[in-house]
There are 2 protein chains.
Amino acid sequence: MNAEVKPLDRAEAEEYASWFKALADATRIQIVSLLARRREPMTVGEIVSVSGVGQSTVSHHLKILAEVRFVLVERQGTSSLYRINEACVSCFPTAADVVMGKPVPASPACDRTGDRDGT
Amino acid sequence: MNAEVKPLDRAEAEEYASWFKALADATRIQIVSLLARRREPMTVGEIVSVSGVGQSTVSHHLKILAEVRFVLVERQGTSSLYRINEACVSCFPTAADVVMGKPVPASPACDRTGDRDGT
DNA sequence: AAGATCTATCGACTATCGTCGATTATCGAT
DNA sequence: ATCGATAATCGACGATAGTCGATAGATCTT
């Protein structure tokens, strides 16, 4: 056998892939970095006004970012308030470390504290 | 105006997007993590035997990873030796930090030392 | 209730992606 | 020169993605 060192488990690789896929678009990166710099929520309209793309497109991107929990949503009146998921601020760079082979301690990489699902 | 905090420059966002796009696939993540754990080069055949996909597919993925300099190539005989780009091991998690809003010092995030292009 | 505002969804279009099988190219050995 | 082994490229296919305009849904105001 030649595989004395094996790659990541397929399941783990697929989870990380879903994270990277969510950021595999310049517009979504701008949205995430914007929400991360502002620690406070932003409405869709505010994001639209700085994103350079249409409202439906921004809504679509926000949905993708929310599906992987990079951002969290909260409705307030007619607006939807989007904010960064603080848990991902720390867990995502750790995922990048793991992919790049850095041995990561047994600490929970992403416990998603403060995350709630609205099923 | 409402945009007192602006997102990343479009150019920077697009560069990061190209990096994340290169890892937006579970197979490529497995290849990168494999090469990162082994610090030594691997041939395409070795990677094929642990990747679960065909040879042409692996070659295609390696090309994508090489285009963004995550991996480096060197021909030896009939084989191609692929190895991780050590520069990206440190610069890529830093990019993840930047996207997540962490203020990064003025150090060069990715100087790609040890990288040479074969144009 | 009616209107106004904000956001989500739908349908469509084009472009790109991941995978495969088959072929071609490169290199070493006979 | 020929053969064998390895890797890269080609062509094709279905699937997915990014964008837009238009429409529908939700919520406040009057």
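Please read these numbers as outputs of a predicted model, since none were measured by experiment. The chains referred to below are lettered A, B, ... by the order of the sequence lines, with proteins before strands, and numbering in each begins at 1.
- Rounded to an integer number of Å, the gap from A:Leu81 CG to C:dC6 P is 13 Å.
- In this structure, B:Lys63 atom NZ and D:dT9 atom C1' are separated by 8 Å, rounded to whole Å.
- The side chain to side chain donor-acceptor pair (under 3.5 Å) search around B:Arg75 returns none, not counting sequence neighbours.
- Put simply, B:Tyr82 has a side-chain N or O that comes within less than 4.0 Å of OP1 or OP2 on D:dA8.
- Taking the six-membered ring for Trp and the full ring otherwise, the centers of A:Phe92 and A:Tyr16 sit at least 6.0 Å from each other.
- With rounding to whole Å, A:Glu74 atom CD is found 18 Å from C:dC6 atom P.
- The distance from atom CD of B:Glu67 to atom C1' of D:dA8 is 13 Å, rounded to the nearest whole Å.
- Counting only heavy atoms from C-beta outward, the side chains of A:Ile31 and A:Tyr82 never approach each other to under 4.5 Å.
- The separation between B:Leu62 atom CG and C:dC17 atom P is 16 Å, rounded to whole Å.
- Separating the CD1 atom in B:Ile64 from the CZ atom in B:Phe70 is a distance of 12.0 Å, to the nearest 0.5 Å.
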Protein-to-nucleotide contact annotation, 5' to 3' order, nucleotides 18-30 of chain D [B base; S sugar-phosphate only; - none; under 4.0 Å, heavy atom]: SBBBB----BS--
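- For B:Lys63, the NZ atom is loosely surrounded, since the number of other residues' heavy atoms within 6.0 Å does not exceed 12.
- Using a 4.0 Å heavy-atom criterion, one finds that A:Ser59 contacts the bases of the nucleic acid, with or without backbone contacts as well.
- Of the possible donor and acceptor atoms, none in the side chain of B:Ser59 sits under 3.5 Å from a partner among the backbone N and O of B:Ser56.
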